[in-house]
Colleague: 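Could you have a look at this structure, given as structure tokens, before my questions?
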Amino acid sequence: MTAASGWTPVALSASIEAGTSAGTQINGFEIVVWRDNSGNAHVWEDRCPHRGMRMSFGFVRGDHIACLYHGWQYDTGGQCRYIPAHPDLEVPSTIKIPSYAVTERGGVIWTCLKETADASALPAISDDVTPIRSLYIDRPVEAIAPLLPCLPIDGADVSMETLSSGAVLFTSGEVKLLIAGQSVAADKSALHIAAIGAVDAAARKSIAKWAENARRAIETAPVTPMAKVA
Ligand code: FES
């Protein structure tokens with residue numbers, strides 16, 4: 001679970017419904033994650049080229065997203081297609097928002113801040129998962145993985161398998177979780193957590209409660225040299 005150099009998780013798939021957008025950061029770089037009405041996810045720089053408004057404040061209309069400020073509309077490639085103040089203008093191709101490769105796997109949206117990327121580097125994990133929640137933690141992402149073995153679910157033994165840089169398979173008793181770590185900023189992380197397979201509502205609630213307790217334990221754990229380098 002290291003800072004992003006390749007694919008990095010940015011949201012649970014279930015958190016970004018069709019026609020919605022959300023802002024987040026990768027190592028302090030602001031991005032918008034949005035889903036068009038056809039269900040395709042997109043990750044772009046979170047900045048309108050006009051006056052710099054965050055696109056995550058915008059509105060999704062079909063396969064376009066419109067900036068909140070002056071309503072400029074962008075297609076799924078990030079190209080501006082319509083400027084309300086100049087409705088007859090053929091918009092120059094230079095008015096474009098940088099867009100990044102995006103893939104969904106294991107119930108998580110991943111990007112790598114490049115236009116294209118090799119999806120084979122993503123964790124090999126089934127899409128048969130139950131989303132639990134995204135957990136925002138005031139600790140660097142590198143400090144978290146070494147603490148997870150000390151956080152059993154209902155006292156059951158813990159084992160962990162590294163799936164890729166940024167993702168682990170966490171097993172405690174009968175529960176198996178994909179925990180995908182996003183480095184939001186130097187001292188802030190997001191863990192996107194999904195249970196492997198189908199779990200019932202009671203189990204989901206219990207895992208969500210474990211996650212909340214884990215967040216508290218991680219934030220209050222002493223910062224040790226080992227936690228910094230693992
Ligand atoms: S800042 Fe986005 S349309 Fe003006």
Colleague: Rounded to the nearest 0.5 Å, how far apart are CD1 of Ile83 and CD1 of Ile95?
Modeller: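 The CD1 atom of Ile83 sits 4.5 Å away from the CD1 atom of Ile95.
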
Colleague: Answer yes or no: is there a donor N or O on one side and an acceptor on the other, between the side chain of Ser164 and the main chain of Leu122, under 3.5 Å?
Modeller: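 No; zero donor-acceptor contacts below 3.5 Å.
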
Colleague: Does the pair Val199 and Val175 meet the rule for a side-chain contact (heavy atoms from CB on, under 4.5 Å), with working shown?
Modeller: CA-CA 9 Å; Val199 298; Val175 179; over 6 Å; no

Colleague: If you look at every heavy atom in Leu191 and Gly181, which pair is closest and at what distance?
Modeller: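 Heavy atoms of Leu191 and Gly181 come nearest at CD2-CA, 3.8 Å.
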
Colleague: Measure the spacing between OG1 of Thr220 and CZ of Arg215 and express it to the nearest 0.5 Å.
Modeller: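 Between Thr220 OG1 and Arg215 CZ, I get 9.5 Å after rounding to 0.5 Å.
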
Colleague: Given the rule in the salt bridge (Lys or Arg N to Asp or Glu O under 4.0 Å) test, do Lys209 and Glu212 qualify, once you have shown the distances and angles that lead to the verdict?
Modeller: CA-CA 5 Å; Lys209 188 172 171 199; Glu212 187 55 37; over 6 Å; no

Colleague: If you look at every heavy atom in Leu178 and Ala167, which pair is closest and at what distance?
Modeller: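 For Leu178 and Ala167, the tightest heavy-atom pair comes out as CD1-CB, 4.1 Å.
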
Colleague: Is the backbone of Asp118 close enough, under 3.5 Å, to the side chain of Trp7 for a donor and an acceptor to pair up by distance?
Modeller: yes

Colleague: Is the side chain of Thr103 donor-acceptor paired with the backbone N or O of Ala119 at a distance under 3.5 Å, no angle test?
Modeller: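 Side chain of Thr103 to backbone of Ala119: no pair is present.
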
Colleague: Using modelled atom types and a 3.5 Å cut-off, is there a donor and acceptor pairing between side-chain atoms of Ser21 and backbone atoms of Phe57?
Modeller: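 Flag not set: sc Ser21 to bb Phe57 has no pair under 3.5 Å.
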
Colleague: Show your working on side-chain contact (heavy atoms from CB on, under 4.5 Å) between Tyr69 and His50 and close with a plain yes or no.
Modeller: CA-CA 9 Å; Tyr69 203 176; His50 182 215; 5.9 Å; no

Colleague: List the steps, then state whether side chain to side chain donor-acceptor pair (under 3.5 Å) holds for Asp46 with Ser56.
Modeller: CA-CA 6 Å; Asp46 195 8; Ser56 50; 2.7 Å; yes

Colleague: Is a side-chain N or O of Asp127 found less than 3.5 angstrom from the main chain of Gly106, in a donor-acceptor match?
Modeller: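 Checking the backbone N and O of Gly106 against the side chain of Asp127, a donor-acceptor pair under 3.5 Å is found.
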
Colleague: Same cluster for Ile97 and Leu113 if Ile/Leu/Val/Met/Phe/Trp/Tyr side chains link at under 4.5 Å?
Modeller: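 Looking at the clustering, Leu113 is in a separate group from Ile97.
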
Colleague: Are Ile65 and Trp72 connected into the same hydrophobic cluster when the rule is that any two of I, L, V, M, F, W, Y join if their side-chain heavy atoms are below 4.5 Å apart?
Modeller: yes

Colleague: Could you tell me how the ring of Phe29 sits relative to the ring of Tyr100: parallel (under 30°), tilted (30 to 60°) or perpendicular (over 60°)?
Modeller: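 Perpendicular, since the angle between the ring planes exceeds 60°.
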
Colleague: Counting N and O atoms only, with roles assigned by atom type, does the side chain of Arg139 sit under 3.5 Å from a partner on the main chain of Ala221, one being a donor and the other an acceptor?
Modeller: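 Answer holds: yes.
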
Colleague: Whether the side chain of Glu45 engages the backbone of Ser99 through a donor-acceptor N/O pair (distance < 3.5 Å, no angle test) should be reported.
Modeller: no

Colleague: About how many Å separate OG1 of Thr171 and CG of Leu177, when rounded to the nearest 0.5 Å?
Modeller: 8.0 Å

Colleague: Would you say the side-chain atoms of Arg105 pair up with the backbone N or O of Trp110, donor to acceptor, closer than 3.5 Å?
Modeller: no

Colleague: Quick one: pull up CG in Asp63 and CD in Gln73 and give me the separation to the nearest 0.5 Å.
Modeller: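 Asp63 atom CG to Gln73 atom CD measures 10.0 Å (nearest 0.5 Å).
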
Colleague: As an exercise, state the distance from CD1 of Ile109 to CD of Gln182, rounded to the nearest 0.5 Å.
Modeller: 11.0 Å

Colleague: Under the 3.5 angstrom rule, does the side chain of Thr111 hit a backbone N or O of Ala101 as a donor-acceptor pair?
Modeller: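 Confirmed, Thr111 side chain pairs with Ala101 backbone.
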
Colleague: Quick check: does any side chain N or O of Arg35 sit under 3.5 Å from a backbone N or O of Ser15, one acting as donor and the other as acceptor?
Modeller: no

Colleague: In terms of side-chain heavy atoms, does Ser38 have a donor or acceptor partner in Asn40 at a distance below 3.5 Å?
Modeller: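 No, Asn40 and Ser38 have no side-chain donor paired with an acceptor closer than 3.5 Å.
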
Colleague: Please give me the minimum heavy-atom distance between Leu151 and Phe170, naming the atom from each residue.
Modeller: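 Shortest heavy-atom separation between Leu151 and Phe170 comes out as O-CZ, 3.3 Å.
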
Colleague: Distance check, rounded to the nearest 0.5 Å: Ser134 atom OG versus Ile193 atom CD1?
Modeller: 8.0 Å

Colleague: For side-chain contact (heavy atoms from CB on, under 4.5 Å), just list the numbers for Val91 and Tyr82, CA-CA rounded to whole Å, side-chain angles, deciding distance to a tenth of an Å, and then say yes or no.
Modeller: CA-CA 7 Å; Val91 181; Tyr82 183 69; 5.7 Å; no

